[in-house]
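Below, all heavy atoms of this structure are taken into account, side chains as well, without hydrogens, waters or symmetry copies.
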Amino acid sequence: MPAEIHGHTVPRHNLEVRIRSSEGAILLARYDQAYELPEVAAFIWRRIDGTGRVEDISRAVAEHYGIDAGTALTDTTEMLGWLLEEELIRLGS
């Protein structure tokens with residue numbers, strides 16, 4: 001069963017992931033899989049520091065993109081869910 005992501009969850013990068021940043025794009029690699037993050041996903045990735053909560057990250061998304069808090073939280077949670085499924089992040093509490 002996948003972990004539940006909520007506002008107080010603290011995401012952190014998986015240390016097995018190699019990260020490259022080039023001209024604003026973020027490229028991630030884990031074993032034989034490679035990912036190029038789209039703009040919003042890259043924005044979220046850059047805010048994952050192992051101490052910030054999901055609600056803090058979604059607040060930054062709302063402010064940066066000028067969207068309402070509920071939409072930002074939903075979008076952030078969905079992106080973090082995908083990153084978690086791909087084992088690019090881990091969750092703390």
Side-chain angles (χ1 to χ4, degrees):
M1 173 189 265
E4 185 175 329
I5 299 174
H6 52 80
H8 295 292
T9 301
V10 177
R12 62 185 192 275
H13 296 146
N14 181 343
L15 297 178
E16 297 172 346
V17 175
R18 291 180 310 239
I19 305 164
R20 298 286 180 263
S21 184
S22 173
E23 298 179 18
I26 293 183
L27 308 171
L28 307 176
R30 185 173 174 276
Y31 301 119
D32 63 347
Q33 296 292 317
Y35 309 86
E36 181 176 355
L37 299 182
E39 179 186 346
V40 176
F43 183 87
I44 291 169
W45 179 267
R46 287 184 182 103
R47 276 138 193 86
I48 297 172
D49 63 6
T51 61
R53 301 174 299 180
V54 171
E55 61 191 15
D56 301 324
I57 296 169
S58 70
R59 189 174 309 113
V61 169
E63 290 173 9
H64 185 78
Y65 291 99
I67 60 176
D68 68 90
T71 300
L73 182 58
T74 299
D75 292 352
T76 301
T77 301
E78 287 176 4
M79 179 51 62
L80 292 172
W82 178 79
L83 291 168
L84 183 62
E85 285 176 17
E86 296 299 319
E87 299 181 22
L88 300 170
I89 64 168
R90 300 181 188 273
L91 300 179
S93 53

State whether the side chain of Ser58 and the backbone N or O of Glu55 hold a donor-acceptor pair below 3.5 Å, judged by distance alone. yes

Quick one: ring pair (Phe, Tyr, Trp, His ring centres under 6.0 Å) pairs with a partner in residues 21-42, sequence neighbours left out? Tyr35-Trp82

Kindly indicate, with the supporting measurements, whether the criterion side-chain contact (heavy atoms from CB on, under 4.5 Å) is fulfilled by Leu80 and Thr9. CA-CA 10 Å; Leu80 292 172; Thr9 301; over 6 Å; no

Residues in side chain to side chain contact (heavy atoms under 4.5 Å, CB included) with His64, at least two apart? Phe43

Please name all residues satisfying side chain to side chain contact (heavy atoms under 4.5 Å, CB included) with Thr74, sequence neighbours left out, ordered by chain then number. Glu78

Assess the residue pair Trp45 and His13 against the criterion (side-chain contact (heavy atoms from CB on, under 4.5 Å)); give the C-alpha distance rounded to whole Å, side-chain angles, the decisive distance to 0.1 Å, and a yes or no. CA-CA 8 Å; Trp45 179 267; His13 296 146; 3.2 Å; yes

How long is the span from the [atom1] atom in [X] to the [atom2] atom in [Y], to the nearest 0.5 Å?
X     : Y     : atom1 : atom2 : value
Leu91 : Ile5  : CG    : CD1   : 5.0 Å
His6  : Thr77 : NE2   : OG1   : 10.0 Å
Leu28 : Arg18 : CG    : CZ    : 10.5 Å
Ile89 : Ile48 : CD1   : CD1   : 5.0 Å

side-chain contact (heavy atoms from CB on, under 4.5 Å) for Leu83 and Met79? Distances and angles first, verdict last. CA-CA 6 Å; Leu83 291 168; Met79 179 51 62; 4.2 Å; yes

Pair listing, salt bridge (charged side-chain N to carboxylate O under 4.0 Å, His left out) test, anchored in residues 27-46, at least two apart: Glu16-Arg30, Arg30-Glu87

By salt bridge (charged side-chain N to carboxylate O under 4.0 Å, His left out) - contacts of Asp56 (at least two apart): Arg53, Arg59

Considering all heavy atoms of both residues, which atom of Ile57 and which atom of Pro11 are nearest to each other, and what is their separation? CD1-CG, 3.8 Å

